[in-house]
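Written out below as structure tokens is the structure these notes cover.
Each chain gets a letter, A, B and so on, in the order its sequence line appears, and its residues count up from 1. Because the structure is a prediction, the values reported are computed rather than measured.
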Amino acid sequence: MSLRTFAALPALALALALGAAAPARAAASCSDASGVCLSDDKAKWEPDASLSAKQLKAKRKGPACKVAFEIDGGRGSVFVDGRYAGTVPDASLSLLPGKHDVQVRDGQKILAEGVLTVPKGGSLQVTVRHG
Amino acid sequence: MFSSAAGPGTVPGMIAHSTPRPAERRPVLRLAATLLVVTLPTTTLPLPAHAAEEVTPARASGVRKVVQDRAKPMMSSDPGGAAELLAGEAKKTKDPVLFIDAGEAYLAEGVAERDKAALTAAIEQASIGLDIAAFQQDPRCDPEWQHLEAGEFDREIARGKQVIEDSEKAIADLDKPVEAPPPVEEKKPDKGAPRDGRGLIAGGSLMTAVGVGGLAMIGAGLALSARAQKDVEALDPSAIDFDAQFDDIDKKGKNANVVAYAGIGVAAVGLGVGIALLALGVKKRKAYRAEHGGSETAGVHVAPALGYGYGGISLGGRF
């Protein structure tokens, strides 16, 4: 091991330690143009889309997926399929797989709205950018 | 024999049939067969989709009134308890009005108790109420999920905003540093005359006067003694009453000596103590004047006092 490599080890260790100590929230920041980021590639977000009444009433089958909402830089309430589902950070939902009409708002301000396609089972993290 | 099952999950209109059987059949098998017949239809059919409960303004108003009637008496005596009750029911019913009511109750608690956590909860509850009230005016909202009549939204939204504004103001007031009350000046006990040494000067003057008196006694004693000496020297030893006169003059001379000796003691003590007290008093007065800004100097003065038939020292002063 060369002297230069040896000297770089403490810096590497420090960088790793700092990375481990960084809050998880920073990693969850959303930079997507739609303002919504999903943790699972099987999930899909269609901004501004909406479901028809028939689609809303369609039966969904399969194991539920645990969907956790997070709002990057603020607060808000989550509405799924036309009804109140929860307020971040307590908005951890169990949604059946399929398409769901979702709106996230903070008072009069709509932070995100569209159709979320939820995969079968597992868990999904939805990060919504505030502002 | 005929049996029907109407338990949960049974498809309406479906009946289970049983045919007459020989009496020798075992009861256990009979029961198992019956259960199998009843269970099959219920487990193989898909469960009906859970229909979301319909919420209308009228129905929501009725539920809300029951909760509000329970919370109202608590608002004055136990706003925290009222807030918890309202928040719990708001979470169950998802009624925006109850969320805002809970916010108002938390605000009352926070202001009364100066509790920042309660004020923060007030903002959170009112914010949820505002979120729901705003969403229920949105086209995405389920038309079968409405807690308010169309004309009630503005009023409730204004109420929710007021709760948030008041709570934020109360939190800002709590965050302000508390101004320390002006220090209360300790009232100095009334000590009567100022401690400027006037007592010492007065005492010193008195003792000095006594000392001067002692000097006078010395003078008087010496004078009387000298006169007695002169008288005794002028006596005629041959006189018949020499002894009597001698004794008389001797007595006067001794008395004069006593007066002179006493005068020495009185003068020594009086002048010593008096001058010392005067010095201390004057020093103290100077210090007092320097501290309190006075400009007067000690008004003590000693001056010789001479006149026809008398002599001495005059002592004067202003205390």
### Query
By a 4.5 Å heavy-atom criterion (distance strictly below it), what part of A/Val80 contacts chain B: side chain, backbone, both, or neither?
neither
### Query
Is it true that a side-chain atom of A/Asp72 and a backbone atom of A/Val128 form a donor plus acceptor pair closer than 3.5 Å?
no
### Message
For the interface with chain B, which of A/Gly114, A/Ala53, A/Gly86 has the highest count of heavy-atom pairs at distances below 4.5 Å?
### Response
A/Gly114
### Query
Only one of B/Asp69, B/Asp101, B/Asp95 clears salt bridge (Lys or Arg N to Asp or Glu O under 4.0 Å) with B/Arg64; which?
B/Asp95
### Residue A/Leu56 versus chain B: region with a heavy atom under 4.5 Å
neither
### Query
Which pair of heavy atoms, one from A/Gly76 and one from A/Thr87, lies closest together, and at what distance?
O-CG2, 3.3 Å
#### Entry: A/Arg83 side-chain N/O to B/Lys94 backbone N/O, donor-acceptor pair under 3.5 Å
no
### Task
Test salt bridge (charged side-chain N to carboxylate O under 4.0 Å, His left out) on A/Arg105 and A/Glu113 and set out the steps.
CA-CA 8 Å; A/Arg105 65 161 62 229; A/Glu113 62 178 346; over 6 Å; no
### Message
Counting only heavy atoms from other residues, nucleotides and ligands, does the tally under 6.0 Å from CG of B/Asp175 exceed 12?
### Response
yes
### Per-residue contact mode, A/Arg75 against chain B (heavy atom under 4.5 angstrom)
side chain
### Query
For A/Ser77, is it the side chain, the backbone, both, or neither that has a heavy atom closer than 4.5 Å to a heavy atom of chain B?
both
### Query
How would you list, in number order, the residues of residues 136-162 of chain B that have a heavy atom less than 4.5 Å from chain A?
B/Asp138, B/Arg140, B/Cys141, B/Asp142, B/Glu144, B/Trp145, B/Ile157
### Message
Students often mix this up, so state it plainly: with edges at 30° and 60°, are the rings of A/Phe79 and B/Phe135 parallel, tilted or perpendicular?
### Response
parallel
### Message
side-chain contact (heavy atoms from CB on, under 4.5 Å), that's the test. Do A/Val126 and A/Leu124 meet it? Break it down for me.
### Response
CA-CA 6 Å; A/Val126 181; A/Leu124 174 65; 4.0 Å; yes
